[in-house]
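Encoded as structure tokens, the structure appears first; notes follow it.
Just so we're clear, the structure is a prediction, and the values are computed from it rather than from any experiment.
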Amino acid sequence: KGKDGKLADISAKQFSVAVPVPFDLTTLQTEAYRSLGINPKQTLEIAQNLYLESYISYPRTSSQKIPKTVGIPQILSNLTKNKEYTELAKKILSGKMIPNEGKKTDPAHPSIFPTGLYPKVLDGREKKVYDLIVRRFLSVFGEPATRETVTLKIDVEKEIFLAKGTRTVKKGWHQFYQPHLKLEEQTLPEAKIGDTVNIKEIIKHDKETQPPKRFSPASLIKELEK
């Protein structure tokens, strides 16, 4: 307590966050569980209802492809009529409209995508899953995002402690998927090598090896697919 540290080194490293691929059923279920807390069985039921209302394509697919035959410009044009997606869809319409596709294919059906038909009435969970599907569809036309991690090395009596902060420096596809991203934006304070760092408290943690995490409904679905 009361010790001071010296800032010994500062380093910054940028990295690219790849554009996601279109939803097949498994990735829709895992994302709905991660982002919305909706279990895979309920997600399938909701997606089935959205399909029967003609709001999305057939959900029981293993494809991660969006063929040109689905009419990408028309879907985007229809989405501009929904004020939640107007600006985002217009951005994509003004570009090349080339989706980032995944490897998985399905001879019978393309990936899951919105038809662009405006949903008049959706209940709470239906609205959330529909929003997830629309925003994933928009995201696959985006550019990679760029994040930056800054690492500070602090020397306290010859012991080196690290402080790290990561932030987004170029949004890219994140702008389309924003509500469903779980990213910490942590910017470290301005500092230079040689600065004094006041140490309030040093706590020693005694930790034991942790067992592997239990399966969640979403991770179980992934494992079963393998």
Side-chain angles (χ1 to χ4, degrees), residues 17-38 40 42-145 170-182:
V17 185
V19 179
V21 299
F23 275 147
D24 61 352
L25 178 58
T26 303
T27 47
L28 169 62
Q29 288 172 311
T30 53
E31 275 294 273
Y33 185 77
R34 180 196 63 78
S35 177
L36 308 171
I38 300 173
Q42 291 168 329
T43 297
L44 176 56
E45 287 170 1
I46 292 165
Q48 195 70 32
N49 289 341
L50 291 171
Y51 166 67
L52 292 173
E53 294 288 338
S54 302
Y55 297 142
I56 66 167
S57 60
Y58 187 67
R60 291 175 185 266
T61 176
S62 58
S63 173
Q64 295 173 330
K65 308 285 184 185
I66 304 178
K68 286 181 181 176
T69 51
V70 305
I72 292 167
Q74 188 58 53
I75 293 169
L76 289 165
S77 180
N78 289 343
L79 286 173
T80 63
K81 295 168 190 170
N82 185 331
K83 65 175 187 283
E84 283 188 60
Y85 312 120
T86 305
E87 292 308 313
L88 297 175
K90 278 181 178 177
K91 275 185 184 178
I92 297 162
L93 274 167
S94 66
K96 293 178 181 176
M97 291 184 283
I98 300 170
N100 180 52
E101 296 182 314
K103 292 177 182 176
K104 291 164 67 179
T105 59
D106 184 325
H109 304 283
S111 63
I112 301 168
F113 58 88
T115 60
L117 192 67
Y118 186 76
K120 290 185 173 57
V121 183
L122 292 177
D123 73 26
R125 288 190 314 172
E126 280 183 337
K127 192 172 189 304
K128 286 177 180 177
V129 172
Y130 176 75
D131 181 70
L132 180 64
I133 290 167
V134 172
R135 288 181 185 276
R136 181 61 162 239
F137 172 74
L138 296 172
S139 296
V140 305
F141 296 95
E143 295 182 339
K170 180 188 166 194
K171 282 189 172 182
W173 65 271
H174 286 185
Q175 65 191 297
F176 303 108
Y177 209 53
Q178 198 68 52
H180 305 288
L181 290 170
K182 298 284 189 289

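When all heavy atoms of S111 and F113 are compared, the closest pair comes out as O-CD2, 3.2 Å. Between P22 and G102 the shortest heavy-atom distance is CD-N, 4.0 Å. The shortest heavy-atom contact between P119 and N82 is CD-ND2, 4.4 Å. Minimum interatomic distance between E143 and V19 (heavy atoms only, all atoms of both residues): C-CG2, 3.5 Å. Across all non-hydrogen atoms, the minimal contact from S54 to T115 is O-OG1, 2.7 Å. For the pair I46 and R125, the tightest heavy-atom approach, listed with the atom from each and the gap, is CD1-CB, 3.9 Å.
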If you apply the rule side chain to side chain contact (heavy atoms under 4.5 Å, CB included), what do you find for L79 with L138, and how did you get there?
CA-CA 10 Å; L79 286 173; L138 296 172; 4.2 Å; yes

Step by step, work out the side chain to side chain donor-acceptor pair (under 3.5 Å) result for Y55 and N49.
CA-CA 9 Å; Y55 297 142; N49 289 341; over 6 Å; no

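Checked for salt-bridge contact, E84 and K127 meet the test: a charged N lies under 4.0 Å from a carboxylate O.
Counting non-hydrogen atoms of neighbouring residues, nucleotides and ligands closer than 6.0 angstrom, the CD atom of E45 exceeds 12 such neighbours. In this structure, K171 places its NZ atom where only 12 or fewer heavy-atom neighbours from other residues, nucleotides or ligands lie under 6.0 Å away. Surrounding NZ of K65 are more than 12 heavy atoms belonging to other residues, nucleotides or ligands, all under 6.0 Å away.
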Identify all side-chain donor-acceptor contacts of residues 71-78 below 3.5 Å with residues at least two apart in sequence or on another chain.
from	atom 1	to	atom 2	distance (Å)
Q74	NE2	N78	OD1	3.0
N78	ND2	Q74	O	3.4

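Here the OG-CG distance, from S57 to L50, works out to 10.5 Å after rounding to the nearest 0.5 Å. The CG atom of L44 sits 12.5 Å away from atom CD1 of I38, with the distance rounded to the nearest 0.5 Å. From Q29, atom CD reaches atom CD of Q42 across 11.0 Å, with rounding to the nearest 0.5 Å.
The backbone N or O of F23 lies less than 3.5 Å from no partner atom in the side chain of T27, so there is not a single donor-acceptor pair. N100 contributes a side-chain N or O that, together with a main-chain N or O of P20, makes up a donor-acceptor pair within less than 3.5 Å. Checked by atom type and distance alone, the side chain of R136 pairs as donor or acceptor with a backbone atom of V21 at under 3.5 Å. A distance-only check finds a donor-acceptor pair linking the side chain of T86 to the backbone of T80 [under 3.5 Å]. Checked by atom type and distance alone, the side chain of E31 never pairs as donor or acceptor with a backbone atom of L28 at under 3.5 Å.
Counting only heavy atoms from C-beta outward, the side chains of Y130 and E53 never approach each other to under 4.5 Å.
Relative ring orientation between F137 and F141 is described as perpendicular, the plane-to-plane angle rising above 60° on a 0-90° scale split at 30° and 60°.
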